[in-house]
Chemist: 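This is the structure I have questions about; it appears just below.
Lettering of chains follows the sequences in order, A, B, ..., and the numbering in each one begins at 1.
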Amino acid sequence: MIDLKRLRTEAEYRSGIERKRVRSGLVEEVLAVDAEHRALLARVEELRGRQNAASKAIGKAAPDQRAAKIAEAGVLKDELMALEPSLSEVEARVRELALQVPNPADASVPDGGEGDGEVVRVIGGEPPAPALDHAAFAEAMGFVNTEKAVEMSGSRFAYLMREAVMVELALVAWVLGQVGAQGFVPVMPPVLVREHAMEEAGFFPTDRQQVYEVDEGALFIVGTSEVPLSALHRGEILDADALPLRYAGFSSSFRREAGTYGKDTRGIFRVHQFDKVEMFVFASPETSAEEHERILAIEEAIVSALGLPYRVVNIAAGDLGAASAKKFDIEVWLPSEGRYRELTSCSNYHEFSARRLGIRTRGEGGTQLVHTLNGTACAVGRMLVFLFEHYQDGGAFIVPDVLRSFTGFERVEPRNS
RNA sequence: GGAGGGAUGACUGAGUGGCCGAAAGUGCUCGCCUGCUAAGCGAGUAGGGGGUGUUUAUCCUCCUCGAGGGUUCAAAUCCCUCUCCCUCCGCCA
């Protein structure tokens, strides 16, 4: 949720929103309805004040004067009742519109849309394509079965099988250890949440079409453990000394991938269900930018330890999600496609989601909203895609060094060939 | 699945229609006192919106006692719905 007060008083705040490709006229509309709301609120409050005073007077009045005073207060009540429905109607409109307004882009975010991100750095080379691309290799090795999964569940589902399962689990265990060493508390959260959790995390209403709905709309399946992690301190006033609070959620993630027909149909690059270790941080506003860099550094350390060539991109304003004020993607070189593809991303939400969640700290001048940040420690399935290409040796698969103590094997030979 | 009890400020907990945004205690903050510590004494201590503005001051005002709705001139208190917690019974691991 944006700060309406800042929207109407700070030009920079407003331009940060407008840099994010918002529906034209939305900002003007919000401001107009907000003004209407405040004007009406003043009238209603004035009436309520008089009504409150009149009611109090009845309690103190002598018994023989009560009847007259009750009649008097009744008139005020009727006036109020005539006005209040329009107030709640305007309130609902402000809220509905404000929910559609994205978090303003940070000043350090470049202008433009998809493809206009700023490449911050490039690490590693651009090795040539292996004999088989990730999908063909995974199938040849018996690591992935999409055919039967598609019959059973539909496109973009897959069975992960054999040694690949052990590599998947090794990645999870290793990554949780890495982030644990950085102070992130491991969490396995519920993946079914109520609607308000989706809204407060910043996903509803804007990304509703990406989310699976179950139990007749009572519950929604999360597309990232960011949602249940964000709710971990819902409604709390946190001790400033306790910040930053860092969590690492491990869960399956589910995405409808609406509007991606025909994109990334090979293998398990883009699927409806995948496992992910996600970092989530509640930070003070003063340190959130620093914390963002820290999360990025951890992501880079993980990709580097796996020996993958990558680049860091500062995502352009028009390509940011609604809740994000700033986002870094790590894109890893995918040899078969001869280009960098997104593996992780980390965002600073500033106080956008904290406002909806009601998460604050106590400072000198009262309470202030915390900042929330999130970042992918490891999107496991997507990571496998890159490993399947970068760790081919002849027809065999080599287990990355750092995972070997978890898998118990170093190499998987080609099957029946 | 059935029956009953409950949800109040950072915490414990009183409060069945007006004198209640709310007793008391704990905690915390400040001051006093005590040679130190402990104890004692006094004061203060919820969140949010709007207006004003000398713009993290002051002041005015409205809302909030799990959430939403209703009754009433007036609701923490009465009624309805929902969410959650507890106890007992049943069922199942």
Chemist: Between B:A3 and B:U8, how far apart are the two P atoms, rounded to whole Å?
Modeler: 25 Å
Chemist: Do A:Ser251 and A:Lys276 have a side chain donor and acceptor closer than 3.5 Å?
Modeler: no
Chemist: Starting from C1' on B:U55, measure out to CD on A:Glu10 and report it in whole angstrom.
Modeler: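 Rounded to the whole Å, the gap is 11 Å.
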Chemist: Between A:Phe397 and A:Phe143, what is the ring plane arrangement, given parallel below 30°, perpendicular above 60°, and tilted in between?
Modeler: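 Geometry flag for A:Phe143 against A:Phe397: perpendicular rings.
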Chemist: Do A:Glu199 and A:His196 have a side chain donor and acceptor closer than 3.5 Å?
Modeler: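 Absent: no donor and acceptor within the cut-off.
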Chemist: In whole Å, what separates the P atom of B:C60 from that of B:U52?
Modeler: 16 Å
Chemist: Please name all residues satisfying side chain to side chain contact (heavy atoms under 4.5 Å, CB included) with A:Thr260, sequence neighbours left out, ordered by chain then number.
Modeler: A:Arg156, A:Glu257, A:Lys263, A:Arg270
Chemist: Evaluate side-chain contact (heavy atoms from CB on, under 4.5 Å) for A:Ile295 paired with A:Ile298, printing each intermediate quantity in order.
Modeler: CA-CA 5 Å; A:Ile295 291 171; A:Ile298 293 171; 5.5 Å; no
Chemist: Could you give the distance separating B:U77 and B:U71 at their C1' atoms, to the nearest angstrom?
Modeler: 13 Å
Chemist: Taking A:Ala316's backbone N and O only, do any of them form a donor-acceptor pair with A:Lys20's side chain (distance below 3.5 Å, no angle check)?
Modeler: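 It does not hold such a pair.
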Chemist: Hey, can you tell me if A:His272 and A:Tyr212 have their rings parallel, tilted or perpendicular (30° and 60° cut-offs)?
Modeler: perpendicular
Chemist: If you measure from OG on A:Ser88 to CZ on A:Arg93, what distance do you get to the nearest 0.5 Å?
Modeler: 11.5 Å
Chemist: Round to the nearest Å and state the distance from A:Leu47 atom CG to B:C60 atom C1'.
Modeler: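 Whole-Å distance recorded here is 17 Å.
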Chemist: Could you identify which residues of residues 225-236 of chain A place a heavy atom less than 4.0 Å from some atom of RNA chain B, listed by residue number, or say none?
Modeler: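 When residues 225-236 of chain A is checked for heavy atoms under 4.0 Å from RNA chain B, there are no hits whatsoever.
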Chemist: What one-letter contact string describes nucleotides 70-81 of chain B from 5' to 3', where B marks a base within less than 4.0 Å of any protein heavy atom, S marks contact via sugar-phosphate atoms alone, and - marks no contact?
Modeler: --BBS-------
Chemist: Can you tell me the distance, in whole Å, between the CG atom of A:Leu76 and the P atom of B:C62?
Modeler: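 Answer to the nearest Å: 13 Å.
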Chemist: Starting at the 5' end of RNA chain B, which residue's closest nucleotide do you reach first, A:Gly49 or A:Arg194?
Modeler: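 Taking each residue's closest nucleotide, the earlier one in sequence belongs to A:Gly49.
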Chemist: Please tabulate, one pair per line, all N/O donor-acceptor pairs under 3.5 Å involving side-chain atoms of residues 380-392 of chain A, not counting sequence neighbours.
Modeler:
residue	atom	partner	partner atom	Å
A:Arg382	NE	A:Phe269	O	2.8
A:Arg382	NH1	A:Glu342	O	2.7
A:Arg382	NH2	A:Phe269	O	3.2
A:Glu389	OE1	A:Ser336	N	2.8
A:Glu389	OE1	A:Ser336	OG	3.2
A:Glu389	OE2	A:His134	N	2.9
A:Glu389	OE2	A:Ser336	OG	2.6
A:His390	NE2	A:Trp333	O	2.7
A:Tyr391	OH	A:Leu306	O	2.4
A:Gln392	NE2	A:Leu132	O	2.7
A:Gln392	NE2	A:Phe388	O	3.0

Chemist: In whole Å, what is the span from the CZ atom of A:Arg6 to the P atom of B:U55?
Modeler: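 It is 18 Å, rounded to the nearest whole Å.
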Chemist: Could you state the CG-P distance from A:Asp239 to B:C28, rounded to the nearest angstrom?
Modeler: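 In whole Å, B:C28 P lies 13 Å from A:Asp239 CG.
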Chemist: Would you check, one step at a time, whether the test side chain to side chain donor-acceptor pair (under 3.5 Å) holds for A:Arg256 with A:Gln209?
Modeler: CA-CA 7 Å; A:Arg256 294 187 60 215; A:Gln209 74 287 347; over 6 Å; no
Chemist: In the 5'-to-3' direction, what one-character label does each nucleotide of nucleotides 49-54 of chain B receive under the scheme B = base within less than 4.0 Å of a protein heavy atom, S = sugar-phosphate only, - = no such atom?
Modeler: BSS---
Chemist: Check the phosphate of B:C63 against A:Asn52, side-chain N and O only, distance under 4.0 Å to OP1 or OP2. Yes or no?
Modeler: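 A:Asn52 to B:C63 OP1/OP2: side-chain N or O found under 4.0 Å.
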Chemist: Under 3.5 Å, is there a donor-acceptor pair between the A:Tyr247 and A:Glu226 side chains?
Modeler: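 Distance-only check fails for A:Tyr247 and A:Glu226.
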Chemist: How about A:Arg341 and A:Val332: do any of their side-chain heavy atoms sit closer than 4.5 Å?
Modeler: no
Chemist: Show me, range against range, the stems involving RNA chain B, built from at least 3 consecutive Watson-Crick or G-U pairs below 3.5 Å.
Modeler: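 Looking at RNA chain B, the stems formed by three or more consecutive pairs are B:1-7 with B:83-89, B:10-12 with B:24-26, B:27-32 with B:40-45, B:46-51 with B:59-64, B:66-70 with B:78-82.
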Chemist: For B:G48 and A:Arg355 - does any side-chain N or O of the residue sit under 4.0 Å from the phosphate oxygens OP1/OP2?
Modeler: no
Chemist: Checking A:Tyr310 against A:Glu300: is there a side-chain donor and acceptor pair closer than 3.5 Å?
Modeler: yes
Chemist: Ignoring hydrogens and geometry beyond distance, is a side-chain donor-acceptor pair present between A:Ser324 and A:Ser347 at under 3.5 Å?
Modeler: yes
